[in-house]
> 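Here it is, the structure, as structure tokens.
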Amino acid sequence: MRHLTGTGRYDRIDGHGRFPSARGEQPVEMRVSRPARDVIADIETALDLTSHKSGTLPRHAPHLHQRTAGRIGSLTGLIHQAAITAICDGTERITKASLDTIRLGHLAETHHRPRGR
């Protein structure tokens, strides 16, 4: 997997590669844009896991967005750690369940944690 640096919000990318809103707020029903799914698919393509099924990560794009608070650094970190775990445990694949076992940085974890009433 290539190392990506920088900070960005992949939820803000529109069909022209621009950020459509200053705040990037999403409606309650999560919709992940085609370019954002393409970013996830490109990251998945770089994986060299023997048992990983192509298309798994883009299919989980809304879940990945929610887990990472739309932050590209959190997304790449999550997938990178999941790939390392898949290699170490011998499964050689990333699943939604395996993604959920990975801890993220404080900001993403705080965003992901369900809020109490």
> When rounded to the nearest 0.5 angstrom, what is the spacing between OG1 in T56 and CZ in R93?
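Spacing of OG1 (T56) from CZ (R93) equals 9.5 Å.
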
> I need the L64 CG to R37 CZ distance, nearest 0.5 Å.
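Answer for the CG-CZ pair, L64 versus R37, is 10.0 Å.
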
> Could you pull out all residues at least two apart from T45 that satisfy side chain to side chain donor-acceptor pair (under 3.5 Å)?
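With neighbours one apart ignored, the set is empty.
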
> Side chains of residues 83-92: which donor-acceptor pairs under 3.5 Å do they make with residues two or more places apart or in other chains?
residue : atom : partner : partner atom : Å
T85     : OG1  : Q81     : O            : 2.9
D89     : OD1  : T91     : N            : 2.9
D89     : OD1  : T91     : OG1          : 2.7
E92     : OE1  : T50     : N            : 3.1

> With K96, which residues qualify under side chain to side chain contact (heavy atoms under 4.5 Å, CB included), at least two apart?
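Residues passing side chain to side chain contact (heavy atoms under 4.5 Å, CB included) with K96: H60, H63, D100.
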
> Looking only at non-hydrogen atoms, find the nearest pair between A82 and L99 and report the distance.
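Scanning both residues, the minimum pair turns out to be CB-CD2, 3.8 Å.
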
> Could you measure the distance from the CD1 atom of I40 to the OG1 atom of T76? Nearest 0.5 Å is fine.
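One gets 11.5 Å once the value is rounded to the nearest 0.5 Å.
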
> Quick one: does any side-chain atom of R67 pair with a main-chain N or O of I102 as donor and acceptor, under 3.5 Å?
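Present.
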
> Given 3.5 Å as the limit, does a donor-acceptor pair link the side chain of R71 with the main chain of H65, or not?
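Side chain of R71 to backbone of H65: no pair is present.
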
> For E44 and P58, work out which heavy atoms get closest and say how close.
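In this case the closest contact between E44 and P58 is OE1-CD, 3.4 Å.
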
> With rounding to the nearest 0.5 Å, note down the distance linking CG in L57 to CG in D42.
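L57 CG to D42 CG: 11.5 Å, rounded to 0.5 Å.
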
> Could you state the interatomic distance from CD1 (I79) to CD1 (I43), rounded to the nearest 0.5 Å?
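I79 CD1 to I43 CD1: 4.5 Å, rounded to 0.5 Å.
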
> Distance check, rounded to the nearest 0.5 Å: S98 atom OG versus L78 atom CG?
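Output value for this atom pair is 8.5 Å.
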
